[in-house]
Q: 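Mind having a look at this structure? Questions to follow.
Note on naming: letters A, B, ... go to the chains in the order of the sequence lines (proteins, then strands), and numbering restarts at 1 for each one.
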There are 2 protein chains.
Amino acid sequence: MTIVHPGEVSRALSHLPGDTDIANIAAVFDALGDVTRVHIALALLHVELCVCDLAAVVGISQSGVSHQLRILRDLRIVSYRRDGKRAVYRLIDDHVREVLMLGLAHTLESQEN
Amino acid sequence: MTIVHPGEVSRALSHLPGDTDIANIAAVFDALGDVTRVHIALALLHVELCVCDLAAVVGISQSGVSHQLRILRDLRIVSYRRDGKRAVYRLIDDHVREVLMLGLAHTLESQEN
DNA sequence: TGAACGTATGAGCATTCGTTCAGATGAAAC
DNA sequence: GTTTCATCTGAACGAATGCTCATACGTTCA
């Protein structure tokens, strides 16, 4: 396998993040790349919700939601506060909100053809 | 499993896209949620590249790149033009570029703590 | 303290995914 | 036509994923 356009290749390489950064970016998108997890994230776009309410919204077990929330927490997509026995989750910042809305916009656009 | 905050739940539900839309949004993020595919997409941020040059950049076989490009094509993340025997790929629009850069920004921010 | 409730975690299983290998398709040059 | 080269596709296999079940943790209230 040979390089056909060395100039373009080195231009591409020069703007490319390091392997660790690429892996982290992939991890963030992967976290949102699952129906259950985007469902959770979209549900949190405008309100905070506790785990059992999230389970009701997305329609899987409380345990399943908790497992997915761990992934979203680890990737700094959601955060939570304790309210007595409850854990109330929210999106971590407007940055995440923006990504979600771009994703939504992208799929709505794609439907037009 | 019971609903604890009916008001918040219905607020969440009222802003939620339909199941099909949610699945499509998840599919788009999932497409970018793989190291190889996001590597490809990031390589295309500023240049067009043919398949074999992409293989050189991301470091897997040309066949593997082609398989992943199919997924990115199907989800309207990349498009391509033919140049003789070659297929030259590019990001489909600035929308996608914006999503990628938000993802990059998010991971760079997360590193600060 | 002990019971009750919401949440988190670990194991196990079915399913999905990404890769390579081998071969097919299609375009250009002879 | 045939050869060559770049790309695409299908099969197959190991690795990773998401769910449920059962159980543990931690907080509240009696």
Q: Taking atom types as modelled and ignoring hydrogens, do the side chains of His5(B) and Glu48(A) form a donor-acceptor contact shorter than 3.5 angstrom?
A: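 Judged by distance alone, the side chains do not pair up.
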Q: Among dT7(D), dT7(C), dT9(D), which is the nearest nucleotide to the side chain of Arg70(B)?
A: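 So the side chain of Arg70(B) is nearest to dT9(D).
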Q: Could you give the CZ-to-P distance, from Arg82(A) to dC25(D), as a whole number of Å?
A: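 Computing the Arg82(A):CZ to dC25(D):P distance gives 15 Å.
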Q: Whether Arg73(B) engages the ring of Tyr80(B) as a cation-pi pair (distance to the six-membered ring centre under 6.0 angstrom, angle to the ring normal within 45°) should be assessed.
A: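 That pair qualifies as a cation-pi contact.
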Q: Could you state the CZ-C1' distance from Arg81(A) to dT7(C), rounded to the nearest angstrom?
A: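 These atoms are roughly 15 Å apart.
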Q: Is there a donor and acceptor pair closer than 3.5 Å between the side chain of Gln62(A) and the base of dA8(C)?
A: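 Answer is yes: a donor-acceptor pair is held.
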Q: Counting side-chain heavy atoms from CB outward, which of dT4(D), dT7(D), dT7(C) is closest to Lys85(B)?
A: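 Nearest to the side-chain atoms of Lys85(B), counting from C-beta on, is dT4(D).
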Q: Could you state the CZ-C1' distance from Arg86(A) to dC5(C), rounded to the nearest angstrom?
A: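 In whole Å, dC5(C) C1' lies 9 Å from Arg86(A) CZ.
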Q: Classify the angle between the aromatic ring planes of His106(B) and His95(A) as parallel (below 30°), tilted (30 to 60°) or perpendicular (above 60°).
A: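 Ring orientation, 0 to 90° scale: perpendicular.
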Q: Hey, does the side chain of Tyr80(B) come within less than 4.0 Å of dC8(D)'s phosphate (OP1/OP2), counting only N and O?
A: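 So the side chain of Tyr80(B) is outside the cut-off, no N or O lying under 4.0 Å from OP1 or OP2 of dC8(D).
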Q: Any N/O pairs under 3.5 Å between the protein and nucleotides 15-20 of chain C? List them or say none.
A:
residue : atom : partner  : partner atom : Å
dG18(C) : OP1  : Arg37(B) : NH1          : 3.1
dG18(C) : OP1  : Arg37(B) : NH2          : 2.7
dG18(C) : OP2  : Arg37(B) : NH1          : 3.1
dT19(C) : OP1  : Thr36(B) : OG1          : 2.3
dT19(C) : OP2  : Gln68(B) : NE2          : 2.9
dT20(C) : OP2  : Ser61(B) : N            : 3.4
dT20(C) : OP2  : Ser61(B) : OG           : 2.9
dT20(C) : O4   : His67(B) : NE2          : 3.4

Q: According to a strict under-4.0 Å criterion, is Tyr89(B) in side-chain N/O contact with OP1 or OP2 of dC8(D)?
A: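 True: Tyr89(B) side-chain N/O within range (under 4.0 Å) of dC8(D) OP1/OP2.
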Q: Would you kindly say whether Tyr89(A) and Arg81(A) are connected by a side-chain donor-acceptor distance under 3.5 Å?
A: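 Looking only at side-chain atoms, Arg81(A) and Tyr89(A) do not form any donor-acceptor pair under 3.5 Å.
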Q: Does a salt bridge link Arg97(B) with Asp93(B), judged by any charged N lying under 4.0 Å from a carboxylate O?
A: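 No.
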